[in-house]
There are 2 protein chains.
Amino acid sequence: MHAAVLRYFDHVARHGSIRKAADALSVASSAVNRQILRLEDEMGVALFERGRSGVRPTAAGELLLRHVRETQNEYQRTRAEIASLGGTVSGDVRIISLESMLVRFLPQVVDEVSARHPKVTFTVLAVHPSEIGEALRSGDNDFGVLFVDARHRGVDVIAEFPTSVGALMRPDHPLAGRKSLTLTECVGHPVVMLQDRWLLDAIMAMEFSGSGARLSPRVVSNSIEFMRQVIRSGLGIGFFTPIGFIEEIRRGELVHVPLAEPGLAQSRIGILVPRYRRLSPPARLMINHISERLGAFADFLAAPPRRRRRGRS
Amino acid sequence: MHAAVLRYFDHVARHGSIRKAADALSVASSAVNRQILRLEDEMGVALFERGRSGVRPTAAGELLLRHVRETQNEYQRTRAEIASLGGTVSGDVRIISLESMLVRFLPQVVDEVSARHPKVTFTVLAVHPSEIGEALRSGDNDFGVLFVDARHRGVDVIAEFPTSVGALMRPDHPLAGRKSLTLTECVGHPVVMLQDRWLLDAIMAMEFSGSGARLSPRVVSNSIEFMRQVIRSGLGIGFFTPIGFIEEIRRGELVHVPLAEPGLAQSRIGILVPRYRRLSPPARLMINHISERLGAFADFLAAPPRRRRRGRS
DNA sequence: GCGGTGTGCTGCCATTTCGGCATCGCCCGT
DNA sequence: ACGGGCGATGCCGAAATGGCAGCACACCGC
């Protein structure tokens, strides 16, 4: 429905090069070039600065770019809305997520929703914390399953669940019997750490700013799955919410001891949506399912049982 | 920039007929028809119901229509934003207004803004009160200069000024010496009334619901200018805010006696914008000017002087 | 210096799309 | 039965779009 020039313009801006964009679009670069030139003629201003190694949007280009991308996003959402009129929800859901949710919790939810609504497709991405704000506000994603962080602007929290970041370790670890821990108490015990992934870094800096103490990372990785195995083999303590390790905790293979630091003990996982964004039917559906599942895990999230027990009580 | 089918689709929906739309667009009806058919094929659903005497949007059509119109509006706003990058504000401002503001106050403001910003164009429409909500929420208009009415949904009041609806009459009218009046006190005196134009109707119904009293309209019209002449010739009392009659009141030709009814005595005129709507540069400019001018008239709006006096105090 | 490679841009030509005209089939009111 | 409104369709010329090859220019490594 929309003119091809919208896609061309968007791609050129993304790739910073007409030829690269044309290549990605599988059209001749001359075609893309002419469309851009025609567009600039229509607008009466230059939309790109031509450099020696590509193009860069001008101020006018940035303004038009925002309009074009918003139009494309709204078009996709509208299509999903129309496709869902018949009763069967359809369309793509774009989710950004904590990596710890992404490896265990979300696959299950996706599986359930997918079974009940076969025409819904899913795009689930782990994002670097520094890109969360941009990822949400760009409009490219429907919502995020993330730690609630008051620093995010232009983002609404439409559901949230208390959880606690805690120390994850084997039951035979010396600290496994504790009811709670401070980070300082973990000094001296080997820990495994995510590579610069989230707020823990900032809080750790505060915690240890006075004392010269340091956690000694025995293993650093950016893979949750790798760390899961490392912790299970007893190589050290990890710091996570229990959500990605529910099965191991239930089976008694791992123990989760909440951290006493404020702001960690009372962390909240929430569903974050860009403010003023209309949600597509599949996005609403997915949000409902996630909320439901998270609600069922609420006790686990806040205070997981220390030992194996039967039922969900 | 945007595909012609957007304009076609919008026009067809507005005119309720492919041939009428094609006529308005100055293209052959077959061209419009084929674009619509191709669009329906692309969407996979019917967008119009074909009736005996034209077409009517289906539910899917309504959804797509909203997207198309929003896209067109945002495009216009973006163009204005780009055109205003160079410093000289440019673009069209669409305003809906009280008729009483439209005949005296707004022309002056438009004149001033137009002189300072020659590339700005203006569309100022008087709207029937029953259509205010739709006119604002449709996105076709940038803002409204209207009575503030809490019943409006999805509308933000970004500036407001107290005023009072009052009885407007010649200085030699028997009631001209009063400091305030109730509608009941006006019973027996001939009045001139706007034809079903605004909230006065509802409030009058309340006021007179108990008593069997009635205002006796000697003249009913839908033209403010006509009523201005009628009141000046002494044919009766009119009920207005003073804003449209500032000159006559200043010159002592007319007297404005505030009404004592709550909700009329403390009426407010405000600048109302559709919620979540981004304002174009010329719209922001115009709003600032209107606010400034209304602020200068604030004393007049709330309590106009009863007799001629010099200066603005 | 000198190719090699990257960039945006531009003629030339084939293909696709779009619009205009006339026409068809339909339904309704007269 | 007829005329006038409606949307849909076949046919054809015009316009837009895209592909190919080539230009001019700037950078990089040798």
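To find a chain, count down the sequence lines: A is the first, B the second, and so on, and within it residues start at 1.
Taken residue by residue, residues 54-66 of chain B places no heavy atom nearer than 4.0 Å to DNA chain C.
Straight-line distance from the CG atom of L39(A) to the P atom of dA16(D): 15 Å, rounded to whole Å. For the pair D23(A) CG and dG18(D) P, the interatomic distance rounds to 16 Å; values are reported in whole Å. Distance R38(A) CZ to dA15(D) P: 15 Å, rounded to the nearest Å. Atom CG in L37(B) sits about 14 Å away from atom C1' in dC6(D), given to the nearest Å. Separating the CG atom of D41(B) from the C1' atom of dT17(C) is a distance of 15 Å, rounded to the nearest angstrom. Per the geometry, CD1 belonging to I18(A) stands 13 Å off C1' belonging to dG6(C), to the nearest Å. L6(B) places its CG atom 16 Å from the C1' atom of dC18(C), with the value rounded to the nearest Å. Atom P of nucleotide dC9(C) and atom CG of L47(A) are separated by 12 Å, given to the nearest angstrom.
For R50(B) and dA8(D), the shortest distance from a side-chain N or O to OP1 or OP2 is below 4.0 Å. The side chain of S53(A) contributes no N or O atom lying less than 4.0 Å from OP1 or OP2 of dG6(C). Note on N33(A): a side-chain N or O is less than 4.0 Å away from OP1 or OP2 of dC9(C). Between K20(B) and dG5(D), a side-chain N or O to OP1/OP2 separation shorter than 4.0 Å is absent.
Remark: H117(B) engages no residue in a ring pair (Phe, Tyr, Trp, His ring centres under 6.0 Å) (not counting sequence neighbours). Judged as a ring pair (Phe, Tyr, Trp, His ring centres under 6.0 Å), and not counting sequence neighbours, the contacts of F9(A) are F48(A). Residues forming a side chain to side chain donor-acceptor pair (under 3.5 Å) with D10(A) (at least two apart in sequence, or on another chain): R14(A), R69(A).
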message: The test is salt bridge (Lys or Arg N to Asp or Glu O under 4.0 Å); show your working for R50(A) and E40(A) and say whether it passes.
response: CA-CA 13 Å; R50(A) 273 71 172 175; E40(A) 288 182 320; 2.8 Å; yes

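L279(B) and R284(B) make their closest contact through O-NH1, 2.7 Å (heavy atoms, listed as atom of the first residue, atom of the second, distance). Residues S84(A) and V89(A) share a closest heavy-atom pair of OG-CA, 3.6 Å.
Remark: R77(A) engages E81(A) in a salt bridge, criterion side-chain N to carboxylate O under 4.0 Å.
Side-chain contact check for H2(B) versus V5(A): every heavy-atom pair is 4.5 Å or farther apart. With contacts defined as side-chain heavy-atom distances shorter than 4.5 Å, the pair E49(B)/V55(B) does not qualify. Between D142(A) and I287(A), the closest side-chain pair of non-hydrogen atoms is not below 4.5 Å.
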Between the protein and nucleotides 19-26 of chain C, list every N/O to N/O distance that falls short of 3.5 Å.
unit_1  : atom_1 : unit_2 : atom_2 : d
dG19(C) : OP1    : Y8(B)  : OH     : 2.6
dG19(C) : OP2    : Q35(B) : NE2    : 3.0
dG20(C) : OP2    : A28(B) : N      : 2.5
dG20(C) : N7     : S30(B) : OG     : 3.3
dG20(C) : O6     : R34(B) : NH2    : 2.3
dC21(C) : N4     : S30(B) : OG     : 2.7

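Counting only N and O atoms by type, the side chains of R137(A) and H152(A) include no donor and acceptor under 3.5 Å apart. For the 3.5 Å distance criterion, the side chains of H289(B) and R116(B) qualify, holding a donor opposite an acceptor.
Residue-level contact check: I36(B) touches neither bases nor backbone, having no heavy atom under 4.0 Å from any strand.
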Per-nucleotide protein contact string for nucleotides 24-30 of chain D (B base, S sugar-phosphate only, - none; heavy atom under 4.0 Å): --SS---

